[in-house]
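Before any comments, here is the structure.
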Number of protein chains: 2
Amino acid sequence: MDDEILQWDTRADCEVRQILDRIADKWSLLVIALLERRTMRFTELRREIDGVSQRMLTVTLRQLERDGLVDRTVHPVVPPRVEYTLTPLGATLHEAIKSLVVWTETHQNDIAAARYAYDDKVEAEREAARGQG
Amino acid sequence: MDDEILQWDTRADCEVRQILDRIADKWSLLVIALLERRTMRFTELRREIDGVSQRMLTVTLRQLERDGLVDRTVHPVVPPRVEYTLTPLGATLHEAIKSLVVWTETHQNDIAAARYAYDDKVEAEREAARGQG
DNA sequence: CAGTATCCTGACGGATACTG
DNA sequence: CAGTATCCGTCAGGATACTG
């Protein structure tokens, strides 16, 4: 059972990165997180997601819809009412992402510390090299 | 305990996306997957990762090193020998990513089917619209 | 309200040449 | 071997204007 998982490599990466490309773009993750809570309308999402443009919200939602992660329901009324909701598939993805969220919450300090140390080290080496000049 | 996890939202997303940005780029995931198996040298990685340029492998490794996910060891010999290995932190990240890999392997057919259906639907709608003129 | 359509910019990353 | 330096094309995504 572990075998297959340990075997993920170059080939598996191709598919995994397709998924990563989808959820790692600037807005998808936010949309999935919000829709996991409740159905939302286009403008609701726009208000909730600070900084997203009309265009990019549309593009993001279309991609998620195309991949079967989000459902789009048009209510034939005037003015139009379009509701977005997470599909069961989308919900399972949200579950899978959680482990990454947990990891991040657990280790963000480690990363921050590592960056700080690295930048410091580089700086020190620059300094030393200048002394050698 | 679940509360904190269910609460991940706009704020959590900021940090999570930083991590996603790191692992979702074109090469990082591949590097992490390879180094999880064993320590490797620069040229080994380059050979193993089909299509990566010298520049991008360097950039990728530097970022991973800066974030404390990869260790870089320079052996002072001629010709130079530089070995890369996953840090304990990097190893835990690899673990966290696995759930996403598993999800992808489980659901890639669903996604492929969803895309196919979506493209079909769009095509059909275009056709219908043309009929309407 | 919920989108298209169009234009434009900057960063990501590839190709190439050079180096300790 | 393991990089750095430089140039350059591409394209994701922002700003803006228009529409059923």
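Fair warning: this is a prediction, and the values are worked out from it, not measured in the lab. Computation of the quantities below employed the complete heavy-atom set of this structure, encompassing side-chain atoms and omitting hydrogens, waters and symmetry-equivalent molecules. Protein chains get the first letters and strands the later ones, always in sequence-line order, with residue 1 at the start of each.
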Take atom [atom1] of [X] and atom [atom2] of [N], then tell me their distance rounded to the nearest Å.
X: B/Arg81; N: D/dG3; atom1: CZ; atom2: C1'; value: 16 Å
X: A/Asp25; N: D/dC11; atom1: CG; atom2: C1'; value: 14 Å
X: B/Arg46; N: D/dC1; atom1: CZ; atom2: P; value: 11 Å
X: A/Leu57; N: D/dT16; atom1: CG; atom2: P; value: 18 Å
X: A/Asp21; N: C/dG13; atom1: CG; atom2: P; value: 10 Å
X: A/Leu45; N: C/dC1; atom1: CG; atom2: C1'; value: 13 Å
X: A/Ile49; N: D/dG14; atom1: CD1; atom2: C1'; value: 16 Å
X: B/His75; N: C/dG20; atom1: NE2; atom2: P; value: 23 Å

Review point. In terms of side-chain geometry, is the basic nitrogen of B/Lys121 or A/Glu65 positioned less than 4.0 Å from the acidic oxygen of its partner?
Key: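 Salt bridge present between B/Lys121 and A/Glu65.
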Practice item. In plain terms, say whether B/Lys98 and B/Glu95 are close enough for a salt bridge, that is, a side-chain N and a carboxylate O under 4.0 Å apart. Key: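 Judged by the 4.0 Å cut-off on N to carboxylate O distance, B/Lys98 and B/Glu95 do form a salt bridge.
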Can you figure out which of [options] approaches the side chain of [X] most closely?
X: A/Met56; options: C/dA2, D/dA2, D/dG14; answer: D/dG14
X: A/Thr58; options: C/dT4, D/dC1, C/dA2; answer: C/dT4
X: B/Gln54; options: C/dA2, D/dC1, D/dT4; answer: D/dT4
X: A/Thr43; options: C/dG3, D/dT4, C/dC1; answer: C/dC1
X: A/Arg55; options: C/dC1, D/dG13, D/dC1; answer: D/dG13
X: A/Ser53; options: C/dG14, D/dG14, C/dT4; answer: D/dG14

Review point. Below 4.5 Å, heavy atoms only, C-beta onward: do B/Ile111 and B/Arg115 meet side chain to side chain?
Key: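 Contact flag for B/Ile111/B/Arg115 side chains = yes.
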**Study point:** Heavy-atom check, side chain of B/Leu45 versus side chain of B/Val52, under 4.5 Å
**Key:**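 In short, these two side chains do not touch, never coming nearer than 4.5 Å.
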Point to revise | Test log, rule salt bridge (charged side-chain N to carboxylate O under 4.0 Å, His left out), inputs B/Glu48 and B/Arg37 | key: CA-CA 13 Å; B/Glu48 207 77 19; B/Arg37 296 179 177 170; 5.7 Å; no
Ignoring backbone atoms, test whether [X] places a side-chain nitrogen or oxygen under 4.0 Å from the OP1 or OP2 oxygen of [N].
X: A/Arg62; N: C/dG3; value: yes
X: B/Tyr84; N: D/dG3; value: yes
X: B/Arg72; N: D/dG3; value: yes
X: A/Trp27; N: D/dG14; value: yes

**Study point:** Base partner of D/dG9, which must satisfy Watson-Crick or wobble distances under 3.5 Å
**Key:**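 By the stated definition (distances under 3.5 Å), C/dC12 pairs with D/dG9.
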Check your understanding: With both distances under 3.5 Å as the test, what is the Watson-Crick or G-U wobble partner of C/dT4?
Key ->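 Pair assignment: C/dT4 / D/dA17.
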